[in-house]
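Labels below follow one simple rule: chain letters A, B, ... track the order of the sequence lines, proteins then strands, and each chain is numbered from 1. Note that this is a predicted model, so its numbers are computed, not measured.
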Number of protein chains: 2
Amino acid sequence: MRRNPERRQALIDAAIEVLAKEGARGLTFRAVDAEAAVPLGTASNYFANRDDLFTQVGGRIYERLLPDEATMARSREGVQDANRYAELMHELVDRVSAFNSGYLALLELRLESTRRPELRAVLTKRIREDIDANVGHHAASGLPGDSTSAVLLYLALNWLIVERLTLPDIFTEQEIHELVDAAVQRSLNA
Amino acid sequence: MRRNPERRQALIDAAIEVLAKEGARGLTFRAVDAEAAVPLGTASNYFANRDDLFTQVGGRIYERLLPDEATMARSREGVQDANRYAELMHELVDRVSAFNSGYLALLELRLESTRRPELRAVLTKRIREDIDANVGHHAASGLPGDSTSAVLLYLALNWLIVERLTLPDIFTEQEIHELVDAAVQRSLNA
DNA sequence: AACGTAGTACTACAGATGGAGTGGTGTCAA
DNA sequence: TTGACACCACTCCATCTGTAGTACTACGTT
């Protein structure tokens, strides 16, 4: 088992691309090698087996989907009212859908996790943490709404992104924009 | 190309199960044959190639996810207020998540449609129709709320089902129940 | 400065699986 | 008798895993 951390990260990034392009079943050592443009057999040396590969990708993919520190800091600036909330959610949707392959890969992993208990455990933990962080962050921010608002927004926006990424002709960009606004507004009304 | 419609339907039903169990890449003629318990080569005789198989499944899967006539008729009975709305949405979520493999198969198809334009066209059409039917049905029903409520509910409930089916330990059944209630209530407040 | 060593990059291959597509034979009913 | 379909067998092909083994490079030692 090789330990070079940059190379491992490069392989995991390549695996994310492979997941998005080829689907979970297409995530093979060879495909990762090819995507990362490293010699055949390299992924074999870095992951014990496919299960291990899935689990490691599941553990790290979230790091690439979460906003960086600068974005987080910026999100805390300004008046924290409903308009600001909507603005932040627009940014969120755009940021996540911009890392197209990351989001699709995460969906593939979710589906694959119905077949791999170890992967399911990792994803459950990560996503649980993400939701809790969202709720906590929301509570600390001074933005309007309660924890239920935050969860409902999480639900609606996630599916909106699914819709946008998998079947882009269902909603126009204009409709997506309006749906984000509506989701924010209505989620706030208890 | 064989034409026996019962057999074709049985093969498509088997394909849905295969999709849910093995993923899109695992949807092969042989796997369908095995799942449908018919001789090897049968699926080959009923579908021109894998693309055709995907497209036909995409065209029919919705027929199995939609409520039957009796359910639809029952949904129109009684007072059509917010409580009734919530009740209907609970039934919807339970019905869809009960046909577990159908919903997972549809997710697999969505992801696969990023790679197969023909499938994407079929799915886009079906889902567009479904959303329009939902909105129209809602408008005709006398239930409270506007078309935006209906779409927002569609978004939130879809992801709630994803969450329940792919990572069942994220939300408890109790939380799911409460989230459905909250989604209905808040989506109604324009 | 020469040498040795460890860790990693890279190559090659053995062994095995699984699948597409097709041609042909059996069977049944009109 | 004929046609449609069920069923079976076989060929060809693509791909993957796991591992053994070689080459390279950096670094510490003497």
Side-chain angles (χ1 to χ4, degrees), chain A residues 1-58 60 105 108-109 111-119, chain B residues 1-58 60 105 108-109 111-112 115-119:
Chain A
M1 186 81 66
R2 305 299 154 83
R3 319 216 146 274
N4 182 336
E6 291 83 23
R7 208 162 169 93
R8 178 174 300 270
Q9 189 58 52
L11 289 170
I12 289 177
D13 287 346
I16 291 172
E17 295 303 318
V18 171
L19 273 173
K21 281 190 212 158
E22 311 290 340
R25 189 109 161 202
L27 183 65
T28 65
F29 288 159
R30 284 168 132 65
V32 172
D33 290 338
E35 177 70 32
V38 296
L40 284 184
T42 304
S44 261
N45 286 330
Y46 275 83
F47 306 95
N49 47 46
R50 282 185 77 223
D51 236 315
D52 184 35
L53 175 56
F54 272 106
T55 310
Q56 291 202 29
V57 174
R60 308 237 176 178
E108 292 280 358
L109 286 177
L111 287 169
E112 188 66 17
S113 79
T114 63
R115 290 157 228 144
R116 295 181 191 272
E118 214 175 317
L119 175 60
Chain B
M1 185 83 64
R2 305 297 155 81
R3 318 216 146 274
N4 183 335
E6 292 82 22
R7 210 163 169 90
R8 178 174 302 268
Q9 189 57 51
L11 289 171
I12 290 177
D13 286 347
I16 291 172
E17 295 302 319
V18 172
L19 273 173
K21 280 190 214 159
E22 311 290 339
R25 191 110 160 200
L27 183 66
T28 65
F29 288 158
R30 284 166 132 67
V32 171
D33 291 337
E35 177 72 32
V38 295
L40 282 186
T42 304
S44 263
N45 286 329
Y46 275 83
F47 305 96
N49 45 48
R50 283 184 77 223
D51 235 317
D52 184 35
L53 175 57
F54 272 108
T55 311
Q56 290 201 31
V57 174
R60 309 238 176 179
E108 292 280 358
L109 286 177
L111 287 169
E112 187 66 18
R115 290 156 228 147
R116 296 181 190 270
E118 215 175 317
L119 176 61

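- Remark: B:Ser44, B:Arg50 in residues 42-58 of chain B come within less than 4.0 Å of DNA chain C through at least one heavy atom.
- A donor-acceptor pair under 3.5 Å is formed between the side chain of A:Arg115 and the backbone N or O of B:Lys21.
- When the C1' atom of D:dC8 is taken as reference, atom CG of B:Asp33 falls 12 Å away, rounded to whole Å.
- Using a distance-only test at 3.5 Å, with no hydrogens or angles considered, no donor-acceptor pair links the side chain of A:Arg25 to the main chain of B:Ala24.
- For the OP1/OP2 pair of D:dA6 and a distance below 4.0 Å, the side-chain nitrogens and oxygens of B:Arg7 include at least one atom meeting the criterion.
- Taking atom CG of residue A:Leu40 and atom P of nucleotide D:dC16, one finds them 9 Å apart after rounding to whole Å.
- Proximity of a side-chain donor or acceptor of B:Asp33 to a complementary backbone N or O of B:Ala43 within less than 3.5 Å is detected.
- Between A:Gly41 and A:Ala31, the residue whose closest nucleotide on DNA chain D is further toward the 5' end is A:Ala31.
- Both A:Val38 and A:Arg25 lie close to DNA chain C; mapped to their nearest nucleotides by heavy-atom distance, the more 5′-ward contact belongs to A:Val38.
- The main-chain N or O of B:Leu40 is never found under 3.5 Å from a side-chain atom of B:Arg30 such that the two would form a donor-acceptor pair.
- Comparing D:dC7, C:dG21, D:dG18 by their nearest atom to the side chain of B:Pro39 picks out D:dC7.
- No donor-acceptor pair under 3.5 Å is formed between the side chain of B:Arg116 and the backbone N or O of B:Leu109.
- The closest donor-acceptor contact from the side chain of B:Arg60 to the backbone of B:Asp13 lies at 3.5 Å or more, if one exists at all.
- Atom CZ of A:Arg8 and atom C1' of C:dA9 are 15 Å apart (whole Å).
- Here B:Asn4 does not reach the OP1 or OP2 of D:dA4: none of its side-chain N or O atoms lies under 4.0 Å away.
- At a cut-off of 3.5 angstrom, counting only N and O atoms as typed in the model, there is a donor on one side and an acceptor on the other between the side-chain of A:Arg2 and the base of C:dA9.
- Taking atom CG on B:Leu11 and atom C1' on D:dA6, their separation rounds to 12 Å, with Å as the unit.
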